[in-house]
Amino acid sequence: MGQKRIIIVGGGFGGVQCAKVLSRSLRPANAEVVLFNDENHLVFSPLLAEVVGSSVNALDVIVPLRQLLPRVFCRTEAVQAIDLARGEVEYEGNGGELARMPYDQLVLACGNVTNLNVVPGMADHAFPLKTVGDATALRSHIMEQMEKAEVCTDPERRRWHLTFVVVGGGFSGAEAAGEINDLVRSSARYFRTFCREDVAVILIHSREQILPEISPGLREFARKKMEHAGVKMFLNARVGLATPDGVGLQGGQFIRGGTVVCTVGSSTAPVMARLAAPKEKGRLVTDPDMRLRGLTNVWAIGDCGLIVNAHNGECSPTTGQFAERQGTQCARNLIRVLEGKSTKPFRFKLLGELCSLGGHSAVADLMGLHLSGLVAWFIWRGVYLFKLPTWARRLQVGFDWAWLLLFPRDLAHVRSRQTDRFSHAHYQAGDVIIRKGDPPANFFVIEKGEVEVVRSTPKDPEGEVVAVLGPGSFFGEKALLSNEPRVADVRARTPVDVLVMGKNVFTQFSGALAPLRDALAQALNRRAIDVWQGEPQAHELLQRTPLKTLMEPVPQPLLKPSATVEEVGHAFIEHGNEFFYVSSDGQTLDGVVTITDLLRGRVTGATAEMPASEFMTKNPVALAADDTCALAYAALREYRLKSLPVVEGKESRKLAGCIRVRRLLAYVFKELGPDAVAVTEQGDIQA
């Protein structure tokens, strides 16, 4: 046979094992084996928790692919797309351009990718545990938390630094919790201001028992053993949100902690999601021999394939043990195809399951035997030691483990300081984002939700809400520009997502980007003027007047998000409104359409059929009916608007009415006389 090109996409357990068998079994003159993988190494993921716990060195759990597979053409370009019709893979070349490579046989072993976005705030505030980079970053963070706890003078804040929350009670979560617990408690003796009893490691799992993959008896043993070691468990509990302060459970309970580790949450790799092939629950549907259904030269193994195990007729679990066997069987089937022979279905009998619990204890299900404690721990280490792909790594990891039997864990870590950075953060309603007196560190841009600015005085320590800011607004600029402490609290009024810009990058951007510089100058001027100076009675009047007493009915009609440009234009002509509220259900505020929005949509090339959802102001800032008229005035001035929508409450988007600046001016004029109008007009409220 002539030389065939076999491309393997993915360098995990399945892909590497497939490449290894193929390269050893096929002559180079007959077949070229090409392996695409984003990283140039194989990660031995079962030992990532050991890296977190400083039991092994990070470099000891990875193996360079070029050394492991010397006869395989290893490429680190990212595969962007697969053209099944033309038999080509499209990848990002060295210069960023897209290139194509044809194949005769294709093996898909992409696995899954981490996706923490299923829980609000989790992607922003939790540490995943998927790669060596994740493990080393988490280990470094844990060390920093201990160092911060050592110098913290506030006992409550110290406990927060020493609280570690692990989400997910599977193998990864249980092992991570056990290793973190061992590391921090065993290291406490080297610190002066806290002891091992001050450490809290919390494991949250959505089921009744942890480790659902093993027998019920071993699950119970694992729970008791970990709780005895100091790990607190929340079972039958689901995390509903994550913030900088901790995680909130769906039942309403909030668990504070300075470190959140999430071992759950994954999704189909993007290249697999774009592939035009049958899928079930995000996994590629395969025939018994692991070929994609309906194709003769494309195979799927590992987590990305839905592979039925002929041994028991069930779908194969997404574990490394099965991925390795699938890689071997796929390679053998592929060789049979090249030789013109019939393929065989995937068949594998599970050998067993192992899980380390920390504290020289583990649980094991091995070929019908249920083991626990120290014996299972020795077996766990022995099995994984010899499953490492090279003798060099086996000796290195074995030495690390032997060293720990005699000496304490290494507490040294390299602190990677990021001076210029962007990040995202999620806060729940009531969370304080900026505290009065804090040093200037970050600049914030609101992406979703609303915040409120609270000013406190010695006479009023609880403070007064003086401004409400919504999507597109920013805050924190004054203290950064003046290099002075924060002068007010800023807290989340609703669940809010913000873009966080570090001090240095903010300074560079604001200095170089003229539109941002102008916007900052306008905001500073607008926010610096005390419009009530010299006429405090006008402010007091509006402060004690609830907004619901002056708000007007909801302007009619309400538009649907699907209303076209043509329909919106007719609405302005027929009703003479200055604006329309947009609502999909006739009650909830989705957006606002003004004449300016309509004209902007037409200028940008909107067709007559374009829906309002494309050009309206989405999720506009809105005040609650129980807010004060003073807050309404501040919001109107901040956004330089003539009117604002009013909703039933802070946590509701159900329309209650609207408030117009003219109504506020008329009210002040009526109650305080003509002189108050001049003071109010200094606020420069304009459309």
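Owing to the predicted nature of the structure, the values given are computational and were not obtained by experimental measurement.
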How about [atom1] on [X], more than 12 heavy atoms from neighbouring residues, nucleotides or ligands closer than 6.0 Å, or not?
| X | atom1 | result |
| --- | --- | --- |
| Arg189 | CZ | yes |
| Lys448 | NZ | no |
| Lys20 | NZ | yes |
| Arg157 | CZ | yes |

Going by atom types only, do [X] and [Y] share a side-chain donor-acceptor pair under 3.5 Å?
| X | Y | result |
| --- | --- | --- |
| Ser55 | Arg409 | yes |
| Asp124 | His426 | no |
| Thr243 | His125 | no |
| Ser54 | Arg139 | yes |
| Thr494 | Glu450 | no |
| His424 | Glu447 | yes |

For Trp380 and Tyr384, take the angle between the two ring planes, folded into 0 to 90°, and tell me which bin it lands in: parallel under 30, tilted 30 to 60, perpendicular over 60.
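Rings of Trp380 and Tyr384: perpendicular, over 60°.
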Aromatic centroids of Phe234 and His205 separated by under 6.0 Å:
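They do not qualify: ring centres at least 6.0 Å apart.
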Phe474 and Phe444 aromatic centres sub-6.0 Å
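Centroid separation for Phe474 and Phe444: 6.0 Å or greater.
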Among all residues two or more places apart in sequence or in another chain, which pass the salt bridge (Lys or Arg N to Asp or Glu O under 4.0 Å) test with Glu353?
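None.
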What residues, two or more places apart in sequence or in another chain, satisfy salt bridge (Lys or Arg N to Asp or Glu O under 4.0 Å) together with Glu484?
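Salt bridge (Lys or Arg N to Asp or Glu O under 4.0 Å) list for Glu484, sorted by chain: empty.
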Any side-chain heavy-atom pair of Leu354 and Ile379 under 4.5 Å
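Heavy-atom side-chain distance check passes, below 4.5 Å.
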Less than 4.5 Å apart, side chain to side chain, heavy atoms only: is that true for Arg455 and Lys436?
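No; the side chains remain at least 4.5 Å from each other.
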Looking at [X] and [Y], does any basic side-chain N land under 4.0 Å from a carboxylate oxygen?
| X | Y | result |
| --- | --- | --- |
| Arg223 | Glu220 | yes |
| Arg491 | Glu452 | yes |
| Arg381 | Glu50 | yes |
| Arg185 | Glu197 | no |

Atom CG in Leu235, atom OG in Ser206: separation rounded to 0.5 Å?
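Going from CG on Leu235 over to OG on Ser206, the span is 9.5 Å.
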Report the C-alpha distance between Phe44 and Phe13 in whole Å, list the side-chain angles of each, state the deciding distance to 0.1 Å, and finish with yes or no for ring-ring contact (aromatic ring centres under 6.0 Å, His included).
CA-CA 8 Å; Phe44 195 74; Phe13 287 121; 5.7 Å; yes
Can His161 and Phe194 be said to form a side chain to side chain contact (heavy atoms under 4.5 Å, CB included), step by step?
CA-CA 11 Å; His161 283 304; Phe194 67 87; over 6 Å; no
